[in-house]
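Each remark here refers to the structure printed beneath this line.
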Amino acid sequence: MPELPEVETIRRQLNEEISGYTISGLKADAGNNFSHPVGEVRKLITGLKIEKVDRQAKVLILSLTGHYHLLFHLKMTGRLLLRAPSDRGDKYVHAVFALTTGKNRLELRFADARKFGYVKLLKSDEELLKLRSGYGPEPLKELALNNFRQILSASRRAVKTVLLDQSKISGIGNIYANDALWLAGIAPSTPSNKITNGRINKLFKALLIVLRRGLRYGGASDNSYVQIHGEAGSYQKHFLVYKRTQEPCIKCKTPIQRSVLGGRGTFSCPKCQR
DNA sequence: CGTGGGACCTGAACGC
DNA sequence: TGCGTTCAGGTCCCAC
């Protein structure tokens with residue numbers, strides 16, 4: 001759901017719209033998922049200014065003055081919504097951050113139907129560095145082909161499992177892993193270290209293509225993901241194999257197969273992917 | 001080191 | 001109409 005393209009879409013919108021705002025309040029209900037008691041977080045961040053909105057893998061990072069960093073992970077059903085204080089009707093809101101600049105007032109609302117998502121406060125740049133060090137390179141910014149080759153050749157696990165491993169590469173989730181493997185013509189269960197160089201090149205390109213495409217369409221609103229003003233993305237209209245069980249393969253018309261790999265729904269064309 | 005499974009929590013979709 | 005069951009994906013944690 002919220003994978004790299006979805007979270008990056010939100011990051012860009014938030015960075016554009018709330019940078020420079022000051023946090024002027026915080027309300028959260030009992031169903032929140034905060035790393036620290038809400039009262040403590042409120043005390044620490046009230047009055048701090050949002051310097052920029054960053055991202056590591058699927059984690060959004062609001063960097064505040066004073067070297068504080070507010071992290072949001074949306075997991076499956078989390079949403080971040082930017083609203084006027086008078087706007088009503090958002091469901092499953094667990095936390096509301098009041099934002100102020102000059103006379104402008106906004107609310108950043110953290111909503112999550114399933115409560116898997118979290119809000120985490122980091123109190124120093126060191127903590128942020130430590131968090132970042134647990135993640136692999138960002139595919140659209142840092143990942144070089146050589147590095148990608150090393151990552152894949154270092155594991156005997158199924159290639160799809162490696163793609164989804166956030167400690168190896170940042171931000172790839174089930175949608176884009178499935179679609180990239182189809183585009184590259186590689187079966188998801190292929191042992192990662194058995195993929196030839198030529199096919200690694202193909203997969204590398206395919207991965208960048210599907211992630212950029214996801215971004216261009218503003219993410220996949222397949223489930224509960226929406227952008228910060230509630231608009232849907234549209235990548236779900238362009239899935240290559242994801243969720244297309246029994247529908248014809250775009251290349252060869254063979255029905256797309258669903259299987260389970262590493263406990264996750266896996267979609268592939270038995271003819272095009274070997 | 002790797003992996004399989006369960007846990008987290010709840011709405012939606014489906015079966016009867 | 002209304003009940004029950006199953007499923008979903010991101011990540012962590014535990015047992016093998």
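What you see is a predicted model; the values in this text were computed from it and never measured. In what follows, every chain begins at residue 1, and chains take the letters A, B, ... in the order their sequences are listed.
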Run the salt bridge (charged side-chain N to carboxylate O under 4.0 Å, His left out) test against A:Lys202 and tell me which residues pass, sequence neighbours left out.
none

Remaining members of [X]'s ILVMFWY cluster at a side-chain heavy-atom cut-off under 4.5 Å?
X        : value
A:Leu81  : A:Val226
A:Val260 : none
A:Val59  : A:Ile61, A:Leu71, A:Tyr118, A:Leu122, A:Leu128, A:Leu131, A:Tyr135

Side-chain donor/acceptor pairs under 3.5 Å, residues 42-50 of chain A, sequence neighbours excluded:
| residue | atom | partner | partner atom | Å |
| --- | --- | --- | --- | --- |
| A:Arg42 | NE | A:Leu26 | O | 2.8 |
| A:Arg42 | NH2 | A:Leu26 | O | 3.1 |
| A:Thr46 | OG1 | A:Arg42 | O | 2.6 |

Considering only atom P, compute the distance from B:dC9 to C:dC13 and round it to an integer number of Å.
15 Å

Nucleotide N/O of nucleotides 11-13 of chain C paired with protein N/O under 3.5 Å:
| residue | atom | partner | partner atom | Å |
| --- | --- | --- | --- | --- |
| C:dT11 | OP1 | A:His73 | NE2 | 2.5 |
| C:dT11 | OP2 | A:Lys58 | NZ | 3.0 |

Sequence neighbours excluded - side chain to side chain donor-acceptor pair (under 3.5 Å) pairs with any residue from residues 26-37 of chain A
A:Asp29-A:His94

With a 4.0 angstrom cut-off to heavy atoms of chain A, pull out the first and last contacting nucleotide of DNA chain B, in 5'-to-3' order.
B:dG2 to B:dG11

Side-chain donor/acceptor pairs under 3.5 Å, residues 184-195 of chain A, sequence neighbours excluded:
| residue | atom | partner | partner atom | Å |
| --- | --- | --- | --- | --- |
| A:Thr190 | OG1 | A:Ala187 | O | 2.6 |
| A:Ser192 | OG | A:Leu152 | O | 2.7 |

Residue set satisfying side-chain contact (heavy atoms from CB on, under 4.5 Å) with A:Pro37, at least two apart, ordered chain then number -> A:Glu40

side-chain contact (heavy atoms from CB on, under 4.5 Å) against A:Glu142, all qualifying residues, sequence neighbours excluded
A:Pro137, A:Glu138

For DNA chain B, consecutive-pair runs of 3 or more (Watson-Crick or G-U wobble, both H-bond-type distances under 3.5 Å) give B:2-8 with C:10-16, B:10-16 with C:2-8

